[in-house]
2 protein chains.
Amino acid sequence: MSEHPPPAGAWGSRSASQSPTLADVAREAGVHKATASRAMNPLTRDQVNADTFRRILHAAERLGYVPNTVARGLRTNRTAAIGVLVPDLTNPLFPPIVRGITDRLAADGYTTLLANTDNDDEQERAQFAALESRRADGFILATARREHRLLARAAERGVPLVLVNRTVDDLDVPSAVGDDAAGTTQAVAHLAALGHRRIGHLAGPQDLSTGLTRQRAFRHAMDGASLPVPPGAVVTCTGYTEDAGRLACRRLLDARPDTTAIVAGNDLIALGALTALAELGRGCPAEVSVVGFNDMAFVDKIRPPLTTVHVPHHELGVQAAQLLLERLHDPHAVAKKILLPARLVVRGSTAPPATAPSASP
Amino acid sequence: MSEHPPPAGAWGSRSASQSPTLADVAREAGVHKATASRAMNPLTRDQVNADTFRRILHAAERLGYVPNTVARGLRTNRTAAIGVLVPDLTNPLFPPIVRGITDRLAADGYTTLLANTDNDDEQERAQFAALESRRADGFILATARREHRLLARAAERGVPLVLVNRTVDDLDVPSAVGDDAAGTTQAVAHLAALGHRRIGHLAGPQDLSTGLTRQRAFRHAMDGASLPVPPGAVVTCTGYTEDAGRLACRRLLDARPDTTAIVAGNDLIALGALTALAELGRGCPAEVSVVGFNDMAFVDKIRPPLTTVHVPHHELGVQAAQLLLERLHDPHAVAKKILLPARLVVRGSTAPPATAPSASP
DNA sequence: TTGTATGCGTTATCAA
DNA sequence: TTGATAACGCATACAA
């Protein structure tokens with residue numbers, strides 16, 4: 001056994017800043033490495049005698065043994081690490097999603113490798129390659145475009161992949177997204193019920209599933225309410241940003257000055273629209289109502305408090321992680337697509353139109 | 001997967017979903033593993049003949065070789081991965097910090113391992129252990145309390161550690177934080193210049209460096225302006241949350257009903273204070289002015305737009321990452337503490353007091 | 001139930 | 001400049 005054990009938590013002759021290995025534990029417990037390995041692994045724990053198990057565990061504790069996940073990963077070819085790619089963490093949409101992901105993953109002992117892509121193909125490729133070289137067991141992408149080369153190739157190679165928030169065209173990849181269509185429909189219904197007839201849409205980028213789905217749902221809902229969507233009433237923003245929203249709103253009101261309500265592609269676009277309205281001296285909701293999408297943090301505090309479609313982002317993250325874990329457990333499972341309910345939250349940015357709907361023939 | 005051999009980029013006889021290894025590349029190029037290794041590593045690249053280098057690189061490309069970071073990590077005992085611990089990513093304070101960290105780390109080829117602790121000791125311990133078992137090369141903690149057992153022990157063990165946003169007492173750990181004292185001083189000076197004399201402080205938790213520093217700076221600045229800080233004018237919040245701010249604000253106004261201005265420990269506390277004021281029917285800034293701290297995203301959009309102290313959070317993250325990289329490069333470097341400038345941003349939540357400062361004797 | 005032997009993919013050391 | 005060999009720490013097939 002050990003001669004004079006150094007103060008505490010040291011391990012014999014090894015240099016002070018070295019971690020003890022399974023070999024050290026085995027030596028300390030007087031067993032073979034393999035037995036120590038079995039004792040430390042929950043899955044093989046029952047293969048070892050109860051008594052020796054206690055001895056080994058005790059030795060491990062005494063030495064402060066921590067299993068080396070890197071070595072284990074090399075041996076087992078599984079790292080219990082998941083790559084998470086988001087466009088930009090400072091977009092308030094993503095923190096709750098990522099939080100949901102990490103919460104679910106951590107519960108199963110998985111670690112989250114986080115990377116931002118800034119919607120840049122080259123950055124995304126580089127980050128994805130880096131995480132793949134790290135042998136992440138799977139990926140959760142919040143960066144999907146409807147057509148996505150990198151994503152398609154990865155899926156074809158059989159890389160375990162799950163999409164969150166956005167989805168992709170023509171590919172059987174599991175995903176967890178909000179019900180964009182239903183949310184948009186509720187927004188239009190709300191405005192129609194208030195008496196609005198000239199409703200515009202500031203659409204998100206059409207190469208993103210959210211942008212396209214919401215735009216189509218908008219037209220469909222308008223049609224269903226027998227409301228017209230004349231040329232210029234739908235303007236596509238260059239991005240999900242405040243500034244793109246501001247610019248698009250000006251174009252919308254330029255083409256359709258009598259617009260009384262706007263369905264924005266998301267909350268950032270809605271904020272931009274509010275700015276544009278303020279610049280143009282048009283009151284919201286007095287003259288123009290605005291509905292957002294996502295119910296980002298603090299949009300209830302702005303002026304006017306934003307009517308918007310709530311999407312359960314944390315739960316989106318949880319479900320995405322859950323899907324990935326299931327897929328890792330059973331690689332041949334069918335690629336589920338989860339749609340989480342969205343619901344309109346009415347606040348102060350919507351009101352009946354100031355002038356009654358035109359009563360002329 | 002598919003029975004049909006994959007179209008292109010397959011590697012001889014290996015099973016379809018296997019990555020090619022250095023051995024495969026070496027065989028393809030007709031050299032030894034070791035030579036291939038040297039060719040693929042930027043640091044040893046020049047040890048290899050230019051011609052064979054091209055041959056190896058070509059072979060690697062043909063096979064789609066990606067170095068296995070796990071194996072490299074086992075061999076070199078360095079993983080190029082950094083553990084990042086935050087209390088809660090959905091607190092708007094942290095996304096820009098984390099973004100700054102990942103930006104700087106990614107630039108040097110490091111990967112970010114992200115974990116949330118929810119200010120819970122046990123969660124933090126577990127997450128830290130998990131990341132350590134993964135052999136992260138170092139850690140950036142946004143979770144520091146002034147006295148922090150886990151942190152202290154890790155520092156003593158020589159684990160490369162950097163603190164961000166918050167710091168710790170009595171420990172030589174590098175850190176990057178905002179200039180809390182200077183920011184608070186500016187806030188008080190601003191209010192005093194507006195004519196406020198009865199200024200209260202909703203202090204953050206005093207076991208956090210930010211809470212203590214700002215509280216002390218508040219008292220010091222008040223003293224410097226010859227303004228009194230009577231009992232009850234400083235209330236400590238139970239946390240950096242809206243609700244804690246709301247409750248504390250009620251206690252403050254209960255004890256000191258004639259308060260005309262409030263310096264909040266941070267923006268969330270300020271938001272809670274605004275809520276409390278609204279509940280009590282006290283206008284802001286008409287009756288009570290409020291100053292926040294941090295300049296979180298979108299506090300310029302709320303009503304009233306929040307006067308607050310801007311802290312360069314992204315840069316805080318960048319600097320923290322930079323400190324850690326330096327420390328990894330030179331483990332014996334001195335533990336720098338970086339203080340980034342904070343500056344008051346005046347918006348709509350502050351105004352001169354409604355009643356002129358009491359003119360009685 | 002435990003011990004033996006081997007290899008995961010890479011890099012460091014030594015020889016040639 | 002290149003090749004041979006060993007070792008990083010662990011898990012597992014096989015033997016005992």
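Convention: sequence-line order gives letters A, B, ...; per-chain numbering from 1. Keep in mind it's a predicted model, so treat the numbers as computed, not measured.
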Nearest whole Å is fine: how far is [N] [atom2] from [X] [atom1]?
X        : N      : atom1 : atom2 : value
A:Arg135 : C:dG9  : CZ    : C1'   : 9 Å
B:Arg45  : D:dT1  : CZ    : C1'   : 16 Å
B:Leu74  : D:dA6  : CG    : C1'   : 13 Å
A:Asp24  : D:dC10 : CG    : P     : 9 Å
B:Tyr65  : C:dT11 : OH    : P     : 6 Å
B:Lys33  : D:dC8  : NZ    : C1'   : 13 Å
A:Arg38  : D:dC10 : CZ    : P     : 15 Å
B:Asn68  : C:dG7  : CG    : P     : 18 Å

- Message: So if I take every side-chain heavy atom of A:Val31 and compare against C:dA12, C:dG3, C:dT10, which nucleotide ends up nearest?
- Response: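 Nearest to the side-chain atoms of A:Val31, counting from C-beta on, is C:dG3.
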- Query: So which nucleotide from D:dG3, D:dT2, D:dC10 ends up closest to the side chain of A:Thr21?
  - Reply: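 Of all the options, the side chain of A:Thr21 is nearest to D:dC10.
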- Query: Do the side chain of A:Asp137 and the main chain of A:Ala80 share a donor and acceptor less than 3.5 angstrom apart?
  - Reply: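 Side chain of A:Asp137 to backbone of A:Ala80: a pair is present.
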- Message: Tell me whether A:Asp24 contacts the main-chain N or O of A:Thr21 through its side chain, where contact means a donor paired with an acceptor under 3.5 Å.
- Response: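 A pair under 3.5 Å: yes.
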Does a side chain donor of either [X] or [Y] reach within less than 3.5 Å of an acceptor in the other side chain?
X        : Y        : result
A:Arg135 : B:Thr69  : no
A:Gln127 : A:Thr117 : no
A:His148 : A:Asp169 : no

- Any A:Ser37 side-chain N or O less than 4.0 Å from OP1/OP2 of D:dA11: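 Looking at the OP1 and OP2 atoms of D:dA11, one of them is under 4.0 Å from a side-chain N or O of A:Ser37.
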- Task: May I ask you to evaluate whether B:His32 reaches the phosphate of D:dT2, defined as a side-chain N or O under 4.0 Å from OP1 or OP2?
- Result: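 Answer no for this pair, as no side-chain N or O of B:His32 is under 4.0 Å from OP1 or OP2.
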Remember a base hit wins even if backbone is also touched, and classify [X] as base, sugar-phosphate or nothing at under 4.0 Å, heavy atoms.
X       : value
A:Thr52 : sugar-phosphate
B:Thr76 : sugar-phosphate
B:Phe53 : nothing
B:Val70 : nothing

- Query: With nearest nucleotides of DNA chain D determined for B:Asp46 and A:Arg75 from heavy-atom distances, which residue corresponds to the more 5′ nucleotide?
  - Reply: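 Looking at DNA chain D, the more 5' nearest nucleotide goes with B:Asp46.
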